[in-house]
Structures are given as structure tokens and as C-alpha cells.
Student: 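Input: one structure, supplied below.
All values below were derived from every heavy atom in this structure, side-chain atoms included, with hydrogens, water molecules and symmetry-related copies excluded. Remember, predicted model here, so these are calculated numbers, not experimental data. Position 1 is the first residue of the sequence; numbering continues from there.
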Amino acid sequence: MFEDIDNFDEAFEKLLEELEFDLSNPFEEVEKVLCIEPHPDDCVIGLGGTIKKLTDDGIEVLYVCMTDGSMGTLDDDLSSHELALIRRREEEESAGMLGVKRIIWLGYRDTELPYTREVRKDLVKVIRAEKPDAVLAPDPWLPYEAHPDHRRAGFLALDAVAFSQLPNFGSTDAAAGLKPHQVEVFGFYYTARPNYFVDITDVMELKLRAIRAHRSQFTDDVWEKWEPFLRTVALYYGKKAGVKYAEGLRFMPGMFLHITPFAELI
């Protein structure tokens with residue numbers, strides 16, 4: 001078939017057909033979603049409306065929180081240990097508001113998430129144990145993203161999704177009954193290049209309440225600036241989607257996550 005094609009546009013369209021990549025509803029055959037977050041509160045900020053809609057549809061969503069959230073305070077009297085405990089409680093409350101019943105805590109120190117083989121293997125273990133149909137993670141190529149935990153969480157998620165299907169990676173997992181697992185759907189949130197939008201107009205106020213459940217992060221004075229920011233982000237995606245409030249994601253075919261010069265065209 002492809003030997004008869006002599007232009008890129010036609011070949012690109014045919015390739016997407018061959019890969020069965022369909023952006024009309026990437027969650028259509030998904031039963032379990034693993035949402036990877038750098039800190040407690042990132043899943044709800046990035047995807048709270050989407051998560052609520054997924055759980056309402058009977059899809060299981062669970063979080064993997066990479067760090068303990070122990071640095072997110074300006075209070076000199078609050079120790080990192082105390083804050084980590086507070087943020088865990090806040091995350092459990094917030095997640096419950098969205099229908100999320102389980103959170104897996106990897107517990108790395110906030111601001112110090114390492115990009116290492118050990119962390120990668122931790123995520124691979126989670127993917128093999130949970131066998132999600134879809135994995136969502138922060139886009140590590142978000143322009144001007146200053147927080148290294150966010151960038152590293154995105155790259156670690158990519159690594160883990162790529163390697164979790166390889167039987168010779170983390171070969172000791174087999175002894176624990178953890179078999180290789182291939183993730184069928186991978187998407188980025190916190191992205192500047194969305195190719196899929198979820199209309200969250202009807203759940204925007206719930207999303208904001210779930211974010212505000214992180215009271216240690218969003219005190220009254222902080223919320224005065226963050227609520228307008230969050231609404232503006234949702235309006236930004238909404239403008240692109242033709243609705244009031246939306247969340248934007250970027251889905252990619254698995255093949256395009258490696259040596260693909262035209263991946264940005266998706």
C-alpha cells in the first residue's frame with residue numbers, strides 16, 4: 001500500500017488509520033485510568049473536570065502522587081513532616097469529591113523528585129500491578145515550566161509507559177507476579193498543544209471546590225489570585241473547544257513517542 005504513495009500528507013493519514021488512532025473519543029474503550037501527578041493537587045488542577053466525568057461514567061480513576069508535597073508552604077512554623085501529613089488528608093478529601101477512591105503515594109521529597117532508574121522502576125511496578133488502559137501525565141514540554149518535579153514526572157511517565165511492556169525491564173517484577181503491561185492510551189495534561197478537549201462547564205464549580213479542598217495551598221489570600229487564574233485557564237481551553245470552560249489534553253499514538261519527526265502534527 002505505502003509503496004504507491006508519493007506524498008507525505010496521504011501517507012500520514014494512512015499511517016494514522018493503520019495505527020487505529022482516533023481522537024474522537026480516546027476514552028471509549030477505557031475502564032481504568034492512571035493519573036500521574038507530581039504533587040498532591042496536580043490531578044485536580046489539571047484534570048478535575050475530566051476525572052469527574054470519567055468516574056461518573058463508571059471508569060475507575062486512580063492517582064499516583066510522585067512526591068509528598070512537603071515544600072508547599074510559606075509558613076515558618078509548619079514543618080515539612082506536618083505539611084506532608086496535612087496534604088495527604090487534603091488530597092484524599094479532594095479526590096473523593098471527584099469519585100477517585102485510591103491514591104498511590106511514591107513519597108519522594110517535594111522539589112527533589114529524581115529522574116533515575118529507581119523511580120522509573122517504581123512507576124513501571126505500579127503500571128504492571130494496576131494494568132491501566134490509559135495513563136495521563138503532565139506534559140514535560142510545557143513552555144516555561146519552572147518546576148523540575150513537573151518536568152521529571154512527565155518524562156518518568158513516558159519512560160514507564162514505554163518500558164512497562166518489556167519483559168526484560170525490571171525482570172525481578174516477574175517473581176512478584178507482575179507481568180509486562182502495554183498501555184493503550186497515553187495523554188498529557190498541563191499542555192500547550194492540546195488535541196482533545198473535555199467540556200467541563202457543568203462541573204467547573206465542583207472542580208474549584210475540589211481544588212480548594214487543598215486548604216494548605218489555597219488560603220483566602222492565595223485563592224484571590226488562583227481562582228481567576230484557574231478560570232482563565234479553563235476559558236482558554238474553552239475558547240479552543242467552542243465552549244465556556246474546558247480542559248485540554250494531548251493524546252499521542254505510542255509509536256509517535258519515539259524517533260518521530262512529525263509527532264507534533266497530531
Student: Can you measure from CD1 (I127) to NZ (K125) and round to the nearest 0.5 angstrom?
Tutor: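 Rounded to the nearest 0.5 Å, the CD1-NZ separation comes out at 12.0 Å.
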Student: Report yes or no: does H214 contribute a side-chain atom to a donor-acceptor pair with the main-chain N or O of R87 at less than 3.5 Å?
Tutor: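 Judged by distance alone, no pair lies under 3.5 Å.
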Student: I need the D22 CG to E29 CD distance, nearest 0.5 Å.
Tutor: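 Taking CG in D22 and CD in E29, the distance rounds to 10.0 Å.
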Student: Kindly say whether D110 contributes a backbone atom to a donor-acceptor pair with the side chain of D68 at under 3.5 angstrom?
Tutor: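 Side chain of D68 to backbone of D110: a pair is present.
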Student: Do NZ/NE/NH1/NH2 and the carboxylate oxygens of R231 and E205 come within less than 4.0 Å?
Tutor: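 Counted as a salt bridge, because a side-chain N and a carboxylate O are separated by less than 4.0 Å.
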Student: Compile the donor-acceptor pairs under 3.5 Å between side chains in residues 196-204 and protein atoms, sequence neighbours left out, one pair per line.
Tutor:
residue : atom : partner : partner atom : Å
D199    : OD1  : T201    : N            : 3.0
D199    : OD1  : T201    : OG1          : 2.7
T201    : OG1  : Y245    : N            : 3.1
T201    : OG1  : Y245    : O            : 3.3
D202    : OD1  : K53     : NZ           : 3.0
D202    : OD2  : K53     : NZ           : 3.3

Student: Of V61, V185, L54, which is the lone residue that meets side-chain contact (heavy atoms from CB on, under 4.5 Å) with V30?
Tutor: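 Testing V30 for a side-chain contact (heavy atoms from CB on, under 4.5 Å) against V61, V185, L54 leaves exactly one candidate, V185.
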Student: Say you draw a straight line from SG of C65 to NE2 of H39; how long is it, rounded to the nearest 0.5 Å?
Tutor: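 One gets 8.0 Å once the value is rounded to the nearest 0.5 Å.
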Student: Return the minimal non-hydrogen interatomic distance between D41 and F218, and the atom names on each side.
Tutor: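 The pair with the smallest heavy-atom distance is OD2-CE1, 4.2 Å.
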Student: Name all residues meeting the side-chain contact (heavy atoms from CB on, under 4.5 Å) criterion together with A263; count only those two or more places apart in sequence or in a different chain, and write none if there are none.
Tutor: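 Counting only residues at least two positions away or on another chain, A263 forms a side-chain contact (heavy atoms from CB on, under 4.5 Å) with M252, F256, T260.
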Student: Supply the atom-to-atom distance L158 CG to L257 CG, rounded to the nearest 0.5 angstrom.
Tutor: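 If I round to the nearest 0.5 Å, the distance is 6.0 Å.
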Student: Could you tell me whether E82 atom CD has more than 12 heavy atoms of other residues or ligands within 6.0 Å of it?
Tutor: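 More than 12 within 6.0 Å, yes.
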Student: Can you sort out the partners of E91 under salt bridge (charged side-chain N to carboxylate O under 4.0 Å, His left out), two or more places apart, ordered by chain and number?
Tutor: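 Salt bridge (charged side-chain N to carboxylate O under 4.0 Å, His left out) check on E91 returns nothing, list empty.
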Student: How long is the gap from CG on L106 to OG1 on T67, to the nearest 0.5 Å?
Tutor: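 Here the rounded value is 9.5 Å.
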Student: For R250, does its backbone N or O pair with a side-chain atom of T191 as donor and acceptor, under 3.5 Å?
Tutor: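 Absent.
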Student: Please enumerate all residues that pass side-chain contact (heavy atoms from CB on, under 4.5 Å) together with Q165, with sequence neighbours excluded.
Tutor: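 For Q165, the residues satisfying side-chain contact (heavy atoms from CB on, under 4.5 Å) (neighbours in sequence not counted) are Q182.
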Student: Taking the six-membered ring for Trp, are Y189 and Y237 ring centroids under 6.0 Å apart?
Tutor: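 Between Y189 and Y237, the centre distance exceeds or equals 6.0 Å.
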Student: Does A210 have any side-chain contact (heavy atoms from CB on, under 4.5 Å) partners at least two apart in sequence or in another chain, and if so, which?
Tutor: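 Residues passing side-chain contact (heavy atoms from CB on, under 4.5 Å) with A210: V44, S94, M97, L98.
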Student: Could you list the donor-acceptor pairs under 3.5 angstrom formed by side chains in residues 141-148, with sequence neighbours left out?
Tutor:
residue : atom : partner : partner atom : Å
E145    : OE2  : H147    : N            : 2.9
H147    : ND1  : D149    : N            : 3.1

Student: Would you call M66 and D122 a side-chain contact if the rule is heavy atoms closer than 4.5 Å?
Tutor: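 They are not in side-chain contact.
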Student: Go through the structure and list residues passing side-chain contact (heavy atoms from CB on, under 4.5 Å) with R120, not counting sequence neighbours.
Tutor: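 Listed in chain order: Y115, R117, L156, D159, F163, F169.
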Student: Work out which heavy atom in P40 is nearest to a heavy atom in G69; give both atom names and the distance.
Tutor: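 Scanning both residues completely, I find the closest heavy atoms to be CD-CA, 3.8 Å.
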Student: Keeping to residues at least two apart or across chains, list the side chain to side chain donor-acceptor pair (under 3.5 Å) pairs with something in residues 55-66.
Tutor: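 Only K52-D56, E60-R102 qualify under side chain to side chain donor-acceptor pair (under 3.5 Å).
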Student: Which atoms form the tightest heavy-atom contact between P114 and Y108, and what is the distance?
Tutor: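 Closest approach of P114 to Y108: CD-CD2, 3.7 Å.
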Student: More than 12 foreign heavy atoms under 6.0 Å from NZ of K131: is that the case here?
Tutor: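 Enclosed: over 12 neighbouring heavy atoms sit under 6.0 Å from NZ of K131.
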Student: Can you tell me if R128 uses its side chain to pair, donor with acceptor, with the backbone of L178 under 3.5 Å?
Tutor: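 Looks like no, no N/O pair under 3.5 Å.
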Student: Between the side chain of Q217 and the main-chain N/O of G72, is any donor-acceptor distance below 3.5 Å?
Tutor: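 Yes; at least one donor-acceptor contact below 3.5 Å.
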Student: Only counting residues at least two apart or in another chain, list the ones meeting salt bridge (charged side-chain N to carboxylate O under 4.0 Å, His left out) with R215.
Tutor: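 R215: salt bridge (charged side-chain N to carboxylate O under 4.0 Å, His left out) contacts with E93.
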Student: List in chain and number order the residues that pass salt bridge (charged side-chain N to carboxylate O under 4.0 Å, His left out) with R212, two or more places apart in sequence or in another chain; answer none if no residue qualifies.
Tutor: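 Here the qualifying residues are D220.
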Student: Once side chain to side chain donor-acceptor pair (under 3.5 Å) is applied, what residue pairs with a partner in residues 9-18 remain, sequence neighbours excluded?
Tutor: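 Matches after skipping sequence neighbours: N7-E10.
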Student: Using the ring pair (Phe, Tyr, Trp, His ring centres under 6.0 Å) criterion, which residues pair with F12? Sequence neighbours excluded.
Tutor: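 F8, F262.
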Student: Would you call K121 and D173 a salt bridge, taking side-chain N to carboxylate O under 4.0 Å as the test?
Tutor: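 Between D173 and K121 there is no salt bridge, as every charged N stays at least 4.0 Å from the carboxylate O atoms.
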